[in-house]
Amino acid sequence: MQQFVREIRYSLRSLLRAPQFALSTILVLGIGLAAVSCMSAILAGTLYRQLPYDAPENILLLKTKNAKDVLTSMSASDVAEWKLRSRTVREFGYFQHSGAFMATPSGELQISLVRISPGLFGLLARSPSFGRGFLANEYLVDRNDVAVISDTAKSTLFGSSRDVLGKEILIDGTKRLIVGVMPSNFRFPAADSKVQVWIPLVLKQTDLERPAESTYTTVARKEPWAKESQVQDELSHIQAQLAPLYAETMAAYLAPSKVVATKYRDELVASQKIGILALTSITLLVWLVACSSAVSLIVARGAAQLPEMILRIALGANRTVLLGRMLIDSIIISTSASIVGIFLAWILLYLIKGWLLENLIGVTPYTFDYRVFGTLVLFCICSTIVFSVVPAILTSNKTLPDLLSSLGGRSIGSKRFRRIQSALVVMEIGFSIVALVTAGTIRHTIHSLHSIPLGFDPENVLIVRPRFPIYKYRDLDPRISLYEPLLTNIRSLRGVSEAAIATSVPLSTNFTVSMKLGIGAGNHSDKTTRVFETRLLAASPGLKDVFRLSTASGRFFTTQDRPDTQPVAVVNNAFKKLYEEGGDSVERFSINIGQRRDVRIIGVLNDFQDESLSSPPGPEIILNEVQLRPSDDYYDAITKFHVEMAVRLTANGPASKREIGDAVRRTSLDLQESDVSSMKEVIDEGLSDQIRLFRLVSLTSLMFLVISGAGLYSLLNYVITLRSGEMALRIAFGARMHHIYLLALRIAFRTIALGSLFGVTASIFVVKFIGVFVIGAPSSNLWIVANGALMVLVFGLASVSLVVWKTNFAKPAELLKST
């Protein structure tokens, strides 16, 4: 035991005498451990998230499509037929969720109100932690005044008290009786971040009709033995038999004729799946490069310890003693790296939670998985032990005369070590260039998207998003009570040149309404032959002047288009092009908005980037907001409860974001939570995912640079250690630092050149690959590739300089001693 303690002390002193090796190895391994640990936490919270339901892999999300492969609404009557005929599905359910306001002791809290069908809690195989779910008679119109609340809602309303059953809560001004409280980890829908309350979903007659006007989402629990494809095929077969029940004139574009079934877990991350897998690949590369760099450092360390091992053998030490000595070194290094890795992982995980995953993925709790980290630590320890004891094994297999004859040249395993190190460092340098080029390409993409012609002028434009408790205006018209007074107050401010109301301003992703159009050939009395989807918007006449939109033909709304005149609308060029593909003229198009009120097209706007910077403009119809009536079919959907206001300021006017915000708050107390932002901020919101990805890839590039620099340093340090006798003679005969630097540079040149060649070649393919799939990305850009290679070259020269600096300050006697 005393011998073991002495060996530990000796190892610690030995590592302290070589701080560059110790710090480099520990830092490199720590970075690798931290990166993979963070990635495992991300994957555990996204692609492999543990949903709070029993056997979540059996829960499916169901959607319906028509014969033209367009998503359509399904009828509750269809779901009832599926339930009767299906053999692959155990249970069906559906739900709706929307925003609501719940009265709390500190004021009204915006929550998520989820209306659920009978048996949905049973489908999820979860029940309230105390209390009960809903009874069958509570799904009737006059009995649905009950609620099941989340544990968060209970804590918000009643603190830690469990005496909540039978108490009333006020949601959107309606009293509801609490009958149950769900467990603390339960969330449904799973991606919803707000406080949740569940109430019975009471079906309306329109939900049962064909075609249905339902807005609910359908889920199912499949039989454990059934595959998703089997469920999809069976339900599609049933639905095809139900399609004739739909009106014949609508069957071509409204009747759902097939069912699409996807895992609920997969649907939660469908839009981010490619990005997450890409980040996983990058992180695994970081781990691979970190391990390879650590191996290089350990191999270099083993070569430097060769004289010590030979001396120990000469003094009678056996293989067991040598292996034990190297084993202690490896355990100390891997343990220290694990501690550093835990610290870095917590920091990285905190940063990722803060500025990446909350917006990229949703609200899944990302936790540090100690099982994954423990596995990585075990792998780290095993790898360091293996590569630490290799020099001891090679040395112990030699006879003492062979060892003494090879001592001066460090020939034992030196060529093999150097080849291994060189190959690993070449790989590290190549991956560093690829990571840097990827970051540069994403940065170029962001710049390109910022430079895309918008089709409108965002300068000096502010966006107001009114937010208010909707339930208070259930019997009122917010347009009259809030929007028009607010618009009047804003227009009265000095420095405001124009203000307008719109359902959604350009590039805003907060709200959208779409409609499917079935277009006949030649005239509208013919059978529908084409279907396309268009956005449906409403805007007041001032919108054109606020954004300085241009018209391709006709005109925009004016003050002459009053509520009592012919309702009018404008479309964009994308709509005109799609509509006229069938040979008809867009001027003949009209849309009925109710009570025999047909809207006439009066103009065509030039296309502008309305939905996204990364996709071309889609077809749009813009109705005149001033002419809409509460009795119109589209009034509630596009005007009543969601509008945004666009305000153009004069270039040097006194009005500002603060003055606009004050005007909003003066209009009504209900508007206190409204938001005011610049149009440039709205544009940046649309690029937020790319910006976050750029930051993450940049962080990864920095990791690669640090690791590849450590690898190059270890390689040079190893080679110079082998040539320490030559270095001693050079310094003794008056060699200057630049002579030593040129010698080290010649040694490093081949490795840097091969690594750069590998990295540049791979980067060219990476840039081309990104250019194919990402709008705004360059299909090829040699400047980005050259810039990445230059950065790696500068970092490599810094590593060379560090080794030379260390060697130059060493005395010739010390170098000769190490020979």
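Only heavy atoms go into these numbers, but all of them, side chains included; no hydrogens, no water, no symmetry mates.
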Spell out, as yes or no, whether a donor-acceptor pair under 3.5 Å connects the side chain of [X] to the backbone of [Y].
X      : Y      : value
Ser161 : Phe158 : no
Gln196 : Phe188 : yes
Lys167 : Asp163 : yes
Asp632 : Arg629 : yes
Thr64  : Val259 : no
Arg187 : Asn185 : no
Thr488 : Glu484 : yes

I need the minimum non-hydrogen distance between [X] and [Y], along with the two atoms involved.
X      : Y      : value
Leu123 : Ala220 : CD1-CA, 4.0 Å
Lys194 : Ser112 : CB-N, 4.0 Å
Thr72  : Pro256 : OG1-CB, 3.3 Å
Ala147 : Ile199 : CB-CG2, 4.0 Å
Ile149 : Trp198 : C-CZ3, 3.7 Å
Ser117 : Gly93  : OG-CA, 3.4 Å

TODO: Apply side-chain hydrogen bond (donor to acceptor under 3.5 Å, both in side chains) to Ser257 and Asn66, showing your working.
DONE: CA-CA 5 Å; Ser257 58; Asn66 61 15; over 6 Å; no
Could you grab the distance from atom [atom1] of [X] to atom [atom2] of [Y], nearest 0.5 Å is fine?
X      : Y      : atom1 : atom2 : value
Leu60  : Thr88  : CG    : OG1   : 8.5 Å
Leu157 : Ile178 : CG    : CD1   : 6.5 Å
Glu91  : Asn58  : CD    : CG    : 13.5 Å
Leu84  : Ile238 : CG    : CD1   : 9.5 Å
Leu507 : Ile683 : CG    : CD1   : 6.0 Å
Ser677 : Ile660 : OG    : CD1   : 12.0 Å

TODO: Before giving the answer on side chain to side chain contact (heavy atoms under 4.5 Å, CB included), spell out for Tyr473 and Arg479 the whole-Å C-alpha distance, their side-chain angles and the decisive distance to 0.1 Å.
DONE: CA-CA 10 Å; Tyr473 295 82; Arg479 184 172 72 172; over 6 Å; no
- [ ] Walk me through it: do Ile470 and Asp172 pass the test side chain to side chain contact (heavy atoms under 4.5 Å, CB included)?
- [x] CA-CA 8 Å; Ile470 294 175; Asp172 280 354; over 6 Å; no
With a 4.5 Å cut-off on side-chain heavy atoms, are [Y] and [X] touching?
X      : Y      : value
Phe101 : Leu170 : no
Arg162 : Val164 : no
Val219 : Leu120 : yes
Tyr94  : Arg115 : no
Val181 : Pro128 : no
Phe186 : Asp151 : no
Asp145 : Leu177 : no
Ser668 : Phe468 : no

Below 4.0 angstrom, N of the basic side chain to O of the carboxylate: do [X] and [Y] qualify?
X      : Y      : result
Asp610 : Arg535 : yes
Lys657 : Glu681 : yes
Glu57  : Lys222 : no
Arg126 : Asp54  : no
Arg665 : Asp662 : yes
Lys63  : Glu267 : yes
Glu223 : Arg90  : yes

Is it true that the side chains of [X] and [Y] contain a donor and an acceptor less than 3.5 Å apart?
X      : Y      : answer
Thr217 : Gln96  : no
Trp225 : Gln230 : no
Asp477 : Tyr635 : yes
Ser540 : Glu625 : no
Glu234 : Ser86  : yes

- [ ] Kindly assign one of parallel, tilted or perpendicular to the pair Tyr53 and Tyr264, based on the angle between their ring planes and the thresholds 30° and 60°.
- [x]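 The rings of Tyr53 and Tyr264 sit tilted, inter-plane angle from 30° to 60°.
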Open item on the list: Run the salt bridge (charged side-chain N to carboxylate O under 4.0 Å, His left out) test on Asp670 and Lys472 for me, step by step, so that the C-alpha distance in whole Å, both residues' side-chain angles and the decisive distance to 0.1 Å come before the verdict.
Closed with: CA-CA 9 Å; Asp670 289 335; Lys472 291 184 179 181; 3.4 Å; yes
TODO: In sequence, state the C-alpha distance, the side-chain angles, and the governing distance for Thr156 and Leu109, and then conclude on side chain to side chain contact (heavy atoms under 4.5 Å, CB included).
DONE: CA-CA 10 Å; Thr156 302; Leu109 174 68; 4.2 Å; yes
Task: Aromatic ring proximity Phe95/Tyr216, centre distance under 6.0 Å - done: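 So the answer is no for these two rings.
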TODO: Walk me through it: do Thr503 and Glu644 pass the test side-chain hydrogen bond (donor to acceptor under 3.5 Å, both in side chains)?
DONE: CA-CA 6 Å; Thr503 306; Glu644 295 177 340; over 6 Å; no
- [ ] List the steps and the verdict of side chain to side chain contact (heavy atoms under 4.5 Å, CB included) for Val148 and Met182.
- [x] CA-CA 7 Å; Val148 173; Met182 295 304 291; 3.6 Å; yes
